[in-house]
Amino acid sequence: MNRAESKMGERAIYQPGASSVEGLPTALQMFHNHPPIMAMPHWHAQVEVNYIMRGSVHYRMNEHDIRLNAGDMCLFWGGQPHQMTESSDDAIYAGAHLPLVHFFRMRLPENVPSQLMQGAILVTSATDGADNENFARWYRYARSGDPAKAEHAVNELLLRIERVGFDPYQMVAHGRNAASAEVSNQQSSRLVARICDFIAGNFLHDIGSIDIAASAGVHPKYAMNVFKKSTGMTLNNYVSLLRLSYAQAMLLREEANVLQVAMDSGFGSLSAFNKSFRNIAGMSPSDFRRDMRSGGQLTSGIIGA
């Protein structure tokens with residue numbers, strides 16, 4: 001995964017860019033590198049998998065502090081603004097950003113997907129030396145340019161994540177609604193995967209619940225209810241999050257015009273874009289761009305359900 005880096009003191013600072021995870025919200029991307037700290041919280045429309053191979057990192061997410069050490073692996077929903085505030089000098093981490101279409105096709109314990117989507121973080125220390133080798137190989141395969149190798153890496157990665165359900169793990173830092181999260185069955189997960197597949201290919205266009213439900217062959221009310229129970233979001237929330245993730249990256253381009261970003265991201269008007277952006281970032285798109293370029297700090301970050 002490409003990362004734009006600047007310098008703040010002696011440390012490399014992560015900044016979102018159009019070729020990074022924010023600008024490609026429907027792509028499965030793998031990474032394997034030294035984790036740069038973040039100047040500001042960011043968000044993206046994928047579930048993130050982090051495996052700490054060496055050293056330690058510290059996250060601020062969902063108003064909780066999470067420290068991960070070598071051998072720890074975690075899963076969390078990237079739609080909640082999160083910020084890596086520390087990483088040790090020797091830290092190496094690996095992992096992936098999983099679009100929901102992949103996430104809801106996995107066979108995880110029934111209560112895990114809904115809890116993750118509503119703010120919980122899954123943490124496990126049940127890893128071993130094979131994970132170091134496998135994550136490195138999956139990353140190489142994903143970047144090899146060979147479609148067969150890339151597909152093999154994705155399939156093995158998803159199987160490895162499913163194995164979490166057989167080993168000890170804990171759910172920490174529950175969001176406000178995680179305690180009451182609905183249990184999702186396999187039929188619901190398959191429907192959510194079909195819905196996410198359609199949205200991934202069309203979120204930059206003018207789509208609504210009727211279009212989304214028709215693509216999955218179900219009634220709009222049924223589609224909305226199942227999606228809400230499985231993810232904690234409405235269909236409109238998820239479409240907006242994909243658009244906002246895409247817009248977040250576009251705003252960092254030198255030639256970016258806020259109105260053009262709003263239109264190119266699928267929002268029908270500048271006012272709708274500003275309202276949605278403020279809801280997640282706590283500031284206007286213009287202020288976000290100014291603060292990100294100057295290395296400032298976001299003051300808040302809550303996704304409206």
Exercise. Kindly write out the residues that satisfy side-chain hydrogen bond (donor to acceptor under 3.5 Å, both in side chains) with D90, not counting sequence neighbours, or none if the list is empty.
Key: S88
Quiz item: So, do Q46 and P99 sit near enough that their side-chain heavy atoms are less than 4.5 Å apart?
Solution: yes
Quiz prompt | Any residue meeting salt bridge (charged side-chain N to carboxylate O under 4.0 Å, His left out) with D131, in chain and number order, not counting sequence neighbours | solution = R160
Quiz item: Measuring from R143:CZ to R140:CZ, what's the distance to the nearest 0.5 Å?
Solution: 12.0 Å
Quiz item: Are there more than 12 heavy atoms of other residues, nucleotides or ligands under 6.0 Å from atom CG of D206?
Solution: no
Exercise. Could you tell me whether the side chain of T127 and the main chain of D72 form a donor-acceptor pair under 3.5 Å?
Key: no
Quiz item: In chain order, what residues pass the side chain to side chain contact (heavy atoms under 4.5 Å, CB included) check against Q170, with sequence neighbours excluded?
Solution: V123, V172
Exercise. Might you point out which heavy atoms bring N132 and M53 nearest each other, and give the distance in Å?
Key: O-CE, 3.3 Å
Practice problem: Quick one: pull up OG in S230 and CE in M117 and give me the separation to the nearest 0.5 Å. | Solution: 9.0 Å
Quiz item: Which atom names give the shortest non-hydrogen contact between P36 and N33, and what distance separates them?
Solution: CD-ND2, 4.5 Å
Quiz item: With sequence neighbours excluded, what pairs up with E156 under the salt bridge (charged side-chain N to carboxylate O under 4.0 Å, His left out) test?
Solution: R137
Exercise. Using the side chain to side chain contact (heavy atoms under 4.5 Å, CB included) rule, take C74 and L68 through it: C-alpha gap first, then chi angles, then the decisive distance, then the call.
Key: CA-CA 8 Å; C74 75; L68 302 171; 3.5 Å; yes
Quiz prompt | Flag if over 12 foreign heavy atoms under 6.0 Å of CD1, I210 | solution = no
Exercise. Quick one: list whatever passes side chain to side chain contact (heavy atoms under 4.5 Å, CB included) with K275, sequence neighbours left out.
Key: none
Quiz item: Say you draw a straight line from CG of L158 to CH2 of W138; how long is it, rounded to the nearest 0.5 Å?
Solution: 9.0 Å
Exercise. Tell me, please, which residues at least two apart from Y51 pass ring pair (Phe, Tyr, Trp, His ring centres under 6.0 Å).
Key: F135
Quiz prompt | Heavy-atom pair of closest approach, residues P35 and A91 | solution = CD-O, 3.4 Å
Quiz item: Who are the side chain to side chain contact (heavy atoms under 4.5 Å, CB included) partners of A70, not counting sequence neighbours?
Solution: none
Exercise. Please examine the side chains of Y169 and P109, heavy atoms only from C-beta on, and report whether any two atoms are closer than 4.5 Å.
Key: yes
Practice problem: State, to 0.1 Å, how close G79 and I280 come at their nearest heavy-atom pair, and which atoms those are. | Solution: O-CD1, 4.1 Å
Quiz item: Has E151 got more than 12 heavy atoms of other residues, nucleotides or ligands less than 6.0 Å from its CD?
Solution: no
Quiz item: So, do I212 and M224 sit near enough that their side-chain heavy atoms are less than 4.5 Å apart?
Solution: no
Quiz prompt | Close side-chain approach of I92 and H32, heavy atoms under 4.5 Å | solution = yes
Quiz prompt | Beyond-backbone contact of V258 with R289, side-chain heavy atoms, under 4.5 angstrom | solution = yes
Self-check item: Inter-residue atom distance L116.CG - T231.OG1, 0.5 Å rounding
Solution: 12.0 Å
Quiz item: For R54, what residues pass the salt bridge (charged side-chain N to carboxylate O under 4.0 Å, His left out) criterion, not counting sequence neighbours?
Solution: none
Between side-chain atoms of residues 194-204 and protein atoms elsewhere (two or more places apart, or another chain), which donor-acceptor pairs fall under 3.5 Å?
{"unit_1": "N202", "atom_1": "ND2", "unit_2": "F198", "atom_2": "O", "d": "2.8"}

Practice problem: Taking S265 for its side chain and F267 for its backbone only, find out whether a donor-acceptor pair lies under 3.5 Å. | Solution: no
Practice problem: Using the test side-chain hydrogen bond (donor to acceptor under 3.5 Å, both in side chains), find all partners of S284 that sit at least two apart in sequence or belong to another chain. | Solution: D287
Quiz item: Within the distance-only criterion (no hydrogens, no angle test), does the side chain of S276 pair as donor or acceptor with the backbone N or O of A272 below 3.5 angstrom?
Solution: yes
Quiz prompt | Parallel, tilted or perpendicular, as decided by the 30° and 60° cut-offs, for the rings of F288 and F277 | solution = perpendicular
Self-check item: Sequence-distant partners of D211, salt bridge (charged side-chain N to carboxylate O under 4.0 Å, His left out), two or more places apart
Solution: none
Quiz item: Are V154 and Y141 side-chain neighbours, meaning at least one heavy-atom pair lies under 4.5 Å?
Solution: no
Quiz item: For M38, does its backbone N or O pair with a side-chain atom of Q83 as donor and acceptor, under 3.5 Å?
Solution: yes
Quiz item: Hey, are the side chains of F31 and N50 touching, using non-hydrogen atoms and a 4.5 Å cut-off?
Solution: yes
Self-check item: Criterion side chain to side chain contact (heavy atoms under 4.5 Å, CB included) on H44 and Q248, from CA distance to verdict
Solution: CA-CA 9 Å; H44 49 80; Q248 178 188 190; 5.7 Å; no
Exercise. I would like to know whether T85 and H58 meet side chain to side chain donor-acceptor pair (under 3.5 Å); could you show each step before the answer?
Key: CA-CA 6 Å; T85 57; H58 180 274; 2.6 Å; yes
Quiz item: Is L259 linked to V261 within one hydrophobic cluster, defined over Ile, Leu, Val, Met, Phe, Trp and Tyr using a side-chain heavy-atom separation of less than 4.5 Å?
Solution: yes
Quiz item: If you look at every heavy atom in R60 and D65, which pair is closest and at what distance?
Solution: NH1-OD2, 3.0 Å
Practice problem: Just do the ring pair (Phe, Tyr, Trp, His ring centres under 6.0 Å) check on H102 and H97 with the steps written out, would you? | Solution: CA-CA 10 Å; H102 288 284; H97 298 94; over 10 Å; no
Quiz item: Side chains of M250 and Q260: does their closest heavy-atom pair fall under 4.5 Å?
Solution: no
Quiz item: Nearest 0.5 Å, what's the CG-CE distance between L122 and M171?
Solution: 5.0 Å
Exercise. Would you please test L157 and L98 for side chain to side chain contact (heavy atoms under 4.5 Å, CB included) and show each step?
Key: CA-CA 10 Å; L157 171 67; L98 305 175; 4.2 Å; yes
Exercise. Just grab all the ring-ring contact (aromatic ring centres under 6.0 Å, His included) pairs involving residues 213-233, residues at least two apart or on different chains.
Key: F227-Y238
Practice problem: Over all heavy atoms of both residues, which pair between W77 and Q80 is shortest? Give the atoms and the distance, please. | Solution: O-CG, 3.0 Å
Self-check item: Interatomic spacing from OG in S269 to CE in M263 - rounded to 0.5 Å
Solution: 6.0 Å
